[in-house]
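One structure is given here, and the rest of the page talks about it.
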Amino acid sequence: MKEGNSKVEPPFSSNDSPMSGEESKVPLNSNSSPLPALIGGDLVLEPIGDMGSVNAEERNLTEHHSAHFREDPVRFMMQMGAFYQGTGWRSYRNYIGTRIFYEGYTEELKERVLNSERVLYMIAYLAEKQVNLLSQTLPNATPKMIAKRKKKFEKELQIVANGMVDKLIADLNSIRFLRIFVYFVNNILVRMYHQGIHISEREFHELRRVAIHAAQNSQSLIILPCHKSHVDYIVISYIFYRLGLALPHITAGDNLDMPIIGTLFKRSGAFFIRRSWGEDQLYGSIVKEYLECLLESGHNLECFIEGTRSRTGKLLPPKLGILKIVLECILSGRTKDCWIVPVSLQYDKVIETETYVHELLGNPKEKETLWSVVTNSRLVQLKWGRIDVRFAKPYSLLSFIEDQKKRRLYLDPMSETQKITLLRALGYQVLSDINSVSVVMPTALVGTVILTLRGRGVGRNELIRRVDWLKTAILAKGGRVKDFCGMSTAEIVDRAMAVLKDLIKERKDLLEPVFYAEKRFELSFYRNQVMHLFVSEAMISVAMYTKIKQGGAKPAQRLDMDTLLKEVEFLSQLLKGEFVYNPGVIKNNLYNTLVGLKNDHVIDYDDKYVELSDAERAIGRENYDFYCFLIWPFIETYWLAAVSLFSMTPNNPPQPTTPVVNKTTNNQPAPITWFNERDFLNKSQLFGKTLYYQGDISYFEAVNKETLKNAFILLEDAGVIMVKRSRNVKIQPTIALAPEFVPTRNSDGIIEAKGELWNLVEKIGKFRREGKNRRDNATVSLRVLKLAEMVGTPTTADVDVMNLMNKPSKAGKLEAKL
């Protein structure tokens, strides 16, 4: 490696070399840059052609691949030989990007990290810190003894650092191994997803153009996919290999660093990091240096913007740890720029959904092991439909920063507080970009319709009609639906049913086939993939429901516009941790949504009121109900979170042990009772399951752990609850009600349905779906609060919270917070 050149370059021979510097300088004119296309199973260069037609835009990357020897023995053996010999695109030599996969690559990168100024400084700092502690315990130690001890500490830390680097960095030394690995990956993907891996040629054309520009300037592509399955890892790398882009270095949790499997992943680009490293300063320095070395050299980097797999099917809030390192690398000037590439992956069926339901119900997550992978190999024999991968238009991170500076007055990215603001803006922009290019799969269409109809099931003809309506509604909202390729809706429904046969059952011994949800909870994973397109419509619908459910004459079911705006503002704040909203002022978004609903003949409105249209009433409110059914499960979860807080009510009005004033009880001090956060979440789920089976909750998915966690985070932000966290990850957080929200008891010791907390429960509850058990509010309050008493006792009772009270309490008027 030449001195002063940050780019890692191998000593290629003339025969083995990928694109040389001259070859990599492909013209950036989109008209002259050819796009790889598939002809006869090989990668050739072909002009982009007419992008107006769907067929010209979409490609199935595995269309000509034989998955089984017995299907076509000759083709199967030819494919295997082509991979072994490195024929055509399989050679993976002329890829676009900084060079990887050569002998000595990993050692070069390891030396750069270990000999970097940051890591050497941290080793010296920690050794000095240890010596200072030692000198306090040995006051008679001589300078010579201290210097000797310091040298010893430094050597020990260097050994530790060496082990950390070995465990961390990807092992990209062998192109031959990569070809063999891709051959097996290819066969696995073709078997599992028999309808292929589909991409948009137009989007890939733009990605390739940006990749060429980035390669010429030693800049990285930051690949930011959504995360639905473990399959995501291999799909992205497979596409980059297949289409001639430098494979990204993949950020993966160390839970995947399993024997054998972890080695395979590392040799194909993965590097494993801890979920959190707390106060381990040496580990943090090594991870940061490694990532900055990759960025400085222009290597592509992949990390999942959500941080973990989405167990619910919708996008999770962004995790910003890796992006923070990337941003700081740009701000420090170590690398000039990099390119953000949001990626959407959509599956006809995700292989882990059954496991997700198991985890969401509060069962412990099973640790990934080689055995679990092997025993799941039966999945390879099943046919799971297709995968659609879409790339949002890449953009410069430096340009994004400059744009944010213009849009936000006094934005200083070097300030830690404003850096967080910038990171959050970037994170949610990526989520929005992913949503904008996501393709709705047939299984999501069918699953959504099944779960948004009243009644136990739906006839085949009605199902086909509603799938047609949903497809039209999605396209009208600017969404994307998987191309039917000339097939009728009936054929698409049949194919989706074949994939979802274990989730949706069919009764054939009737006048017509009737479909019904067998596993509603698991099926909700697919419905949630559509949810982001109709959030505004759903919020307006449930706001109107507060009037409509009261019945009566048509004028009595109208909602005045001012109240509608207030209700939608409340709901949008309540559910802000669940959805990515359209940018802009809420009032303008509300108006635009009302216009759309009126054009669809769902509602009518004037300057004062909004109401259901006569046309919608004539068809039994089916479209209006659709929007309500989409959002009701989420509202139910937040109601459950709020009502479960009544279980924190102190048993007695004892003498206080915490000097906090409860303003709701005539300025008398109130006791603060602390609960173990994890235990409380588990008990809240048990509480929710009881309410479901007793009929007080309509949706079993409302008890899912992830949405409940989001609800408690919101309640903490709003000042309803307080949370104590330790920097020591082994010490579990504790949770307590803020003083203003502590419920009271009557003279008989029964919790009273009044006060700030009960007002919040009622506020959320009025948007819930009406049910037989929930019409009499007095009966509901008595029954639910009695159950809340049974949730359990605190793990840590009446804890002294003086340390917590050093910080101002967030308790306050909830309406102002929301």
Does some side-chain heavy atom of [Y] sit less than 4.5 Å from a side-chain heavy atom of [X]?
X	Y	result
Pro318	Ile305	yes
Arg309	Leu316	no
Leu282	Asp280	yes
Glu677	Gln732	no

Do [X] and [Y] have side-chain N/O donor and acceptor atoms under 3.5 Å apart?
X	Y	result
His227	Asp232	yes
Asn300	Ser220	no
Tyr638	Glu578	yes
Thr637	Thr707	no
Asp337	Ser396	yes
Glu108	Thr106	no

- Among Arg386, Arg202, Lys482, salt bridge (Lys or Arg N to Asp or Glu O under 4.0 Å) partner for Glu58: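 Single pass found, and it is Arg386.
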
- Query: Does NZ or CZ of Arg267 fall inside the cone over Phe181's six-membered ring, less than 6.0 Å from its centre and within 45° of the axis?
  - Reply: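 No, cation not above the ring by the 6.0 Å, 45° rule.
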
When you measure from the side chain of [X] to the backbone of [Y], do you find a donor-acceptor pair of N or O atoms at a distance under 3.5 Å?
X	Y	value
Tyr238	Tyr233	no
Ser237	Ile234	no
Asn162	Gln158	no

- Message: Using the side-chain hydrogen bond (donor to acceptor under 3.5 Å, both in side chains) criterion, which residues pair with Glu306? Sequence neighbours excluded.
- Response: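 Per chain and number, Glu306 pairs via side-chain hydrogen bond (donor to acceptor under 3.5 Å, both in side chains) with no residue.
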
- Message: Restricting to side-chain hydrogen bond (donor to acceptor under 3.5 Å, both in side chains), what partner residues turn up for Ser229, sequence neighbours left out?
- Response: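 Glu352.
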
- Message: Apply salt bridge (Lys or Arg N to Asp or Glu O under 4.0 Å) to residues Arg390 and Glu206 and explain how you reach the verdict.
- Response: CA-CA 12 Å; Arg390 295 294 184 265; Glu206 178 64 18; over 6 Å; no

- Message: With side chain to side chain donor-acceptor pair (under 3.5 Å) as the criterion, how do Asn173 and Asp171 come out once you've worked through the C-alpha distance, each side chain's angles and the decisive distance to 0.1 Å?
- Response: CA-CA 6 Å; Asn173 291 319; Asp171 181 11; 2.7 Å; yes

How close do [X] and [Y] get, heavy atom to heavy atom, and via which atoms?
X	Y	value
Ile222	Cys338	CG1-SG, 3.8 Å
Gly313	Lys228	O-CE, 3.7 Å
Lys419	Leu327	CG-CD2, 3.8 Å
His213	Asn217	O-ND2, 2.8 Å
Pro225	Leu345	CB-CD1, 3.6 Å

Would you please classify the geometry between the [Y] ring and the [X] ring as parallel, tilted or perpendicular, with 30° and 60° separating the classes?
X	Y	value
Tyr102	Tyr105	perpendicular
Tyr193	Tyr347	tilted
His249	Phe271	tilted

Exceeds 12 heavy-atom contacts within 6.0 angstrom, atom [atom1] of [X]:
X	atom1	answer
Lys477	NZ	yes
Arg678	CZ	no
Lys405	NZ	yes
Lys110	NZ	yes

- Task: Please determine if Asp254 and Arg275 form a salt bridge, counting it only when a charged side-chain N lies under 4.0 Å from a carboxylate O.
- Result: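 Looking at Arg275 together with Asp254, the answer is no, because their closest N to O distance does not fall below 4.0 Å.
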
- Message: Quick check on the 6.0 Å ring-centre criterion: do Phe534 and Phe579 meet it?
- Response: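 They do not qualify: ring centres at least 6.0 Å apart.
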
- Check against side chain to side chain contact (heavy atoms under 4.5 Å, CB included), Leu575 and Met539: CA-CA 10 Å; Leu575 301 175; Met539 287 185 178; 4.2 Å; yes

- Query: For Glu203 and Lys393, what are the C-alpha separation, side-chain angles and deciding distance, and is it a salt bridge (Lys or Arg N to Asp or Glu O under 4.0 Å)?
  - Reply: CA-CA 7 Å; Glu203 293 169 0; Lys393 185 174 181 180; over 6 Å; no

Donor-acceptor contacts under 3.5 Å from residues 422-433 side chains, at least two apart:
residue, atom, partner, partner atom, Å
Gln429, NE2, Asp433, OD1, 2.9
Asp433, OD2, Tyr395, OH, 3.2

- Test Arg112 against every option in Glu296, Glu292, Glu289 by the side-chain hydrogen bond (donor to acceptor under 3.5 Å, both in side chains) rule and name the one that passes.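 Among Glu296, Glu292, Glu289, the one that satisfies the side-chain hydrogen bond (donor to acceptor under 3.5 Å, both in side chains) with Arg112 is Glu296.
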
